[in-house]
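Input: a single structure, listed below in structure tokens.
In the text below, chain A, chain B and the rest are named by the order of the sequence lines, each starting its count at 1.
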2 protein chains.
Amino acid sequence: MSKIKETSTNFANKQALADECSEVYAANIIGGQWALVICSWLINGKLRFGELKKLLPNITERMLTLQLRKLEENKIITRTIYAEVPPRVEYELTPIGYELKAVIKQLESWGDKHKALDAANRSNMTKSH
Amino acid sequence: MSKIKETSTNFANKQALADECSEVYAANIIGGQWALVICSWLINGKLRFGELKKLLPNITERMLTLQLRKLEENKIITRTIYAEVPPRVEYELTPIGYELKAVIKQLESWGDKHKALDAANRSNMTKSH
DNA sequence: GACATTACTTACATTTTTTATAGTACCACA
DNA sequence: TGTGGTACTATAAAAAATGTAAGTAATGTC
């Protein structure tokens, strides 16, 4: 997205890590700011550009486009353009994209646990004061 | 990590998303370039700063420090300093940190699947040329 | 007193990601 | 001729993340 510099140290590091660690490879794919939420929504079924925009009230059109394009490049979603005016474009998870469901669930449940723990810590801190 | 600007749109967006999506919340915590690999290594047991450095040949000391500090802040790891000279510091996963194991496994297996698919696509493309 | 070792810190530069704003193309319909 | 709706693109700028290079502190050993 925008262009990345393939001669940078950062690029080399990312490549090397992704090559030897599938978990990092995976994280790179779903790692954009909005990528995970987009996938979460798409798990429930295909959505139009405008629908996604409504579901993600704070995203800019540019960001939405960029993230969708990246997901498409990585074969996580497909993009279907209907030859209509005004245009209609639908985004849908591919099979491998849909398999993110398990990953997302896992992330979600870990996140919940962590949040709970954090809340507990906070309230303990309050109590002991 | 360096300082972030709490008045930025980006900050607000991240917060809002993390609040309503535990999966995004989780992704933010383990989302640094090196955070996942560090955790992967620590799953096998505690490690010293220098040992991690050796395991991650391309990381700079600065980056390693930053990522470890962020993980510590988020209670993913603990930092134990031994009052010796030269200094000895050990990093170890906390219980919640250790629970990342399942997440990492899931990411890894999805990553492997995706890689395989990608490789298959590539060889198909080659064949059909 | 100089040196080696370890785990950092600091200042700064570069790269990458995200946001802001203002367009564009298309055609049906009024 | 003009307006409306949809899914974008282009350009610039801000913010965040990462990388580079050069220190620092403490102390046991030579």
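Which of C:dT15, C:dT18, C:dA7 sits closest to the side chain of A:L66 comes down to C:dT18. Each of D:dA17, C:dT18, C:dT17 was ranked by its minimum atom distance to the side chain of B:K14; first place goes to D:dA17. Looking at the side chain of A:R48, the nearest of the listed nucleotides C:dT17, C:dT9, D:dT6 is D:dT6. You'll find that the side chain of B:N10 is closest to C:dT19, out of D:dT18, C:dA7, C:dT19.
Taking atom CG on B:L52 and atom P on C:dA7, their separation rounds to 10 Å, with Å as the unit. Atom CD of B:E72 and atom C1' of C:dA7 are 13 Å apart (whole Å). One interatomic measurement links the two molecules: OH of B:Y91 to P of C:dT6, which rounds to 15 Å at whole-angstrom precision. Taking atom CD on B:Q33 and atom C1' on C:dT17, their separation rounds to 13 Å, with Å as the unit. Taking atom NZ on B:K5 and atom P on D:dA14, their separation rounds to 9 Å, with Å as the unit. Taking atom CD of A:E6 as the reference point, atom C1' of C:dT16 lies 14 Å away to the nearest angstrom. The interatomic distance linking B:K3 (NZ) with D:dA16 (P) rounds to 12 Å, in whole Å. If you measure from atom CD1 of B:I4 to atom C1' of D:dA15, you get 10 Å, rounded to the nearest angstrom.
Within 4.0 Å (heavy atoms only), A:Y82 reaches no atom of the nucleic acid at all.
Both the sub-6.0 Å distance and the 45° axial angle are not jointly satisfied by A:K5 relative to the ring of A:F11.
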Contact letters for nucleotides 20-30 of chain D, in which S counts primed atoms plus P, OP1 and OP2 and B counts the base, heavy atoms under 4.0 Å:
B-----BB---

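Side chain of A:W110 to main chain of A:K105: no donor-acceptor pair is present (N/O by atom type, distance under 3.5 Å, no hydrogens or angles).
Pairs passing the salt bridge (charged side-chain N to carboxylate O under 4.0 Å, His left out) check and including a residue from residues 74-88 of chain A, sequence neighbours excluded, read A:E84-A:R88, A:R88-A:E90.
Sorted by residue number, the list of members of residues 16-25 of chain A with any non-hydrogen atom under 4.0 Å from DNA chain C is empty.
Side-chain contact check for B:T80 and B:E92: no donor-acceptor pair (N or O, by modelled atom type) lies under 3.5 Å. No side-chain N or O of A:T78 forms a donor-acceptor pair with one of A:E72 less than 3.5 Å apart.
Position along DNA chain C of the nearest nucleotide to A:G31 versus B:E51 favours B:E51 as the more 5'-ward residue.
Residues B:V89 and B:Y82 are not in side-chain contact: their nearest non-hydrogen atoms beyond the backbone lie 4.5 Å or more apart.
Listed pair B:R88 / C:dT5 fails the phosphate criterion, with no side-chain N or O lying under 4.0 Å from OP1 or OP2. Not one side-chain nitrogen or oxygen of B:Q67 sits closer than 4.0 Å to the OP1 or OP2 atom of D:dA17.
Only one option out of B:I76, B:I38, B:N44, B:L100 pairs with B:L93 in a side-chain contact (heavy atoms from CB on, under 4.5 Å); it is B:I76. Results of the side-chain contact (heavy atoms from CB on, under 4.5 Å) test with A:E23 over B:S109, B:S40, B:C39 single out B:S40 as the only residue that passes.
Of all heavy-atom pairs between B:G32 and B:K70, the closest is N-NZ, 4.3 Å. The two residues B:A27 and A:L107 come nearest to each other via the heavy atoms N-CD2, 4.5 Å.
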